[in-house]
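Residue numbers start from 1 in every chain, and the chains themselves are labelled A, B, ... in the order their sequence lines are given, proteins ahead of strands.
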There are 2 protein chains.
Amino acid sequence: MKKALAFTSHDHKRCRRATLATVEKICAERNIRLTPVRRNTLEILLETHTALGAYELLEKLSQSGFCDKPPVVYRALGFLMEQGFVHKLERHNAFVACSEPKKCKNPCFLICRACSRVAEQTMPAAHTELVSAANQAGFITQNSVIELSGLCAQCPSDS
Amino acid sequence: MKKALAFTSHDHKRCRRATLATVEKICAERNIRLTPVRRNTLEILLETHTALGAYELLEKLSQSGFCDKPPVVYRALGFLMEQGFVHKLERHNAFVACSEPKKCKNPCFLICRACSRVAEQTMPAAHTELVSAANQAGFITQNSVIELSGLCAQCPSDS
DNA sequence: GGCAACTATGTTATATTGTAACATAACGAA
DNA sequence: TTCGTTATGTTACAATATAACATAGTTGCC
Ligand SMILES: [Zn+2]
Ligand SMILES: [Zn+2]
Ligand SMILES: [Zn+2]
Ligand SMILES: [Zn+2]
């Protein structure tokens with residue numbers, strides 16, 4: 001497993017442009033519309049590798065001229081989540097842009113307590129292990145929420 | 001992995017009495033007080049292997065004569081969670097009694113969409129796999145939320 | 001272009017979940 | 001008993017999320 005991009009310094013401008021481009025391509029393929037609110041919502045989330053609360057997002061949206069009523073942001077988030085472009089961190093009631101909209105499957109989230117950055121990783125082996133352990137307990141897994149909190153490599157262990 | 005108790009028919013009266021007894025023992029050992037509200041909250045959660053929302057709990061508590069204001073239930077839950085006697089399902093904003101208060105460590109939750117029952121399982125291999133995969137990505141895991149949704153063995157697959 | 005059907009957004013109102021802050025009461029050690 | 005500590009009652013409010021309906025934009029068809 002290579003180091004998580006979100007936790008390393010990288011050309012983030014390029015990083016977010018690339019993700020946005022991928023999303024646009026997928027939208028074209030699926031024949032769905034990345035309308036201004038939706039696009040703007042995604043762009044705000046893509047600005048950093050951290051998660052934002054719905055109302056923080058809403059405020060930023062309203063600064064871009066959109067109506068600052070909750071349904072606006074929740075609808076945009078609903079669309080983006082349905083399409084897999086955004087994920088919700090259940091533990092924090094916060095939303096984060098998907099970092100691999102094309103390949104994302106059974107994502108696990110690594111959330112740094114110190115810097116708040118969020119890395120999304122697919123951990124196929126661990127996921128399979130989980131699902132099959134559940135299966136041995138007589139359970140058919142349809143969906144998983146996996147959120148690890150801790151410290152990223154750039155943050156000191158004593159923080 | 002043997003079948004999860006929560007998903008099988010069993011002597012639940014005994015099951016909950018045993019858990020309550022364990023909790024009482026632990027409280028004695030730790031020199032902490034399982035006061036009436038706390039105990040009642042736990043008892044309500046122990047009635048079934050399903051999770052309850054804070055306000056559902058609060059209503060049941062008030063039926064037992066306690067003050068029906070939110071802080072009452074949230075404080076009881078705070079205590080019970082701190083001690084590991086109750087867990088929160090983040091995905092559902094709901095609370096469930098710990099099924100193994102003595103041994104519980106890094107629990108995973110299997111949540112049946114059909115019958116709402118919740119089984120708590122420690123899956124050491126899967127957990128280790130997760131943590132070490134995260135570690136290879138440069139991340140030190142301090143805490144994990146693992147919640148699988150799906151179908152238990154007693155519920156038909158088409159539900 | 002004109003119209004109908006569908007999709008998306010604006011807007012009001014309200015539901016649900018969770019805390020802050022301070023008053024009162026119960027408990028436990030000296 | 002008295003004092004400090006811990007727990008509970010109570011008021012008020014913050015934060016998160018959805019229902020419901022009105023309006024506007026988009027799309028396909030004639
Ligand atoms: Zn980046
Ligand atoms: Zn960090
Ligand atoms: Zn039981
Ligand atoms: Zn079931």
Worksheet item: Would B:Glu29 and B:Lys102 pass as an ion pair if we require N to O under 4.0 Å?
Response: yes

Worksheet entry | Sidechain N-carboxylate O distance under 4.0 Å for B:Glu56, B:Lys60 | no

Let me know the distance between [atom1] of [X] and [atom2] of [N], rounded to the nearest Å.
| X | N | atom1 | atom2 | result |
| --- | --- | --- | --- | --- |
| B:Phe79 | D:dT6 | CZ | P | 13 Å |
| B:Leu77 | D:dA7 | CG | C1' | 15 Å |
| B:Leu61 | D:dG9 | CG | C1' | 14 Å |
| A:Arg91 | C:dT17 | CZ | P | 19 Å |
| A:Ile32 | C:dC6 | CD1 | C1' | 16 Å |
| A:Leu34 | D:dT26 | CG | C1' | 16 Å |
| A:His92 | D:dA15 | NE2 | P | 17 Å |
| A:Asp68 | C:dT9 | CG | C1' | 14 Å |

Discussion item. Would you say that B:Leu5 contacts B:Cys15 through its side chain, given a criterion of any heavy-atom pair below 4.5 Å between the two side chains?
Written reply: yes

Worksheet item: Between C:dT9, C:dC27, D:dT8, which nucleotide gets closest to the side-chain atoms of A:Arg38?
Response: C:dT9

Discussion item. With side-chain hydrogen bond (donor to acceptor under 3.5 Å, both in side chains) as the criterion, how do B:Arg91 and A:Asn143 come out once you've worked through the C-alpha distance, each side chain's angles and the decisive distance to 0.1 Å?
Written reply: CA-CA 11 Å; B:Arg91 173 86 187 278; A:Asn143 182 269; 3.1 Å; yes

Worksheet item: Quick one: is A:Lys69 getting a side-chain N or O under 4.0 Å of the C:dT12 phosphate, OP1 or OP2?
Response: yes

Discussion item. With a 4.0 Å cutoff (strictly under), does any side-chain N or O of A:Thr35 reach OP1 or OP2 of C:dT7?
Written reply: no

Discussion item. Given 3.5 Å as the limit, does a donor-acceptor pair link the side chain of B:Ser144 with the main chain of B:Ile146, or not?
Written reply: no

Practice prompt. Please list all pairs passing the ring-ring contact (aromatic ring centres under 6.0 Å, His included) test where one or both residues lie in residues 59-98 of chain B, with sequence neighbours left out.
Written response: B:His87-B:Phe109

Between the protein and nucleotides 17-22 of chain D, which nitrogen or oxygen pairs come in under 3.5 angstrom?
unit_1: D:dA17; atom_1: OP1; unit_2: A:Lys88; atom_2: NZ; d: 2.5
unit_1: D:dA17; atom_1: OP2; unit_2: A:Tyr74; atom_2: OH; d: 2.9
unit_1: D:dA17; atom_1: O5'; unit_2: A:Tyr74; atom_2: OH; d: 3.3
unit_1: D:dA17; atom_1: N7; unit_2: A:Tyr55; atom_2: OH; d: 2.4

Practice prompt. For the pair A:Ile111 and A:Arg117, evaluate side-chain contact (heavy atoms from CB on, under 4.5 Å) and give the outcome as yes or no after the intermediate values.
Written response: CA-CA 6 Å; A:Ile111 305 157; A:Arg117 282 181 294 184; over 6 Å; no

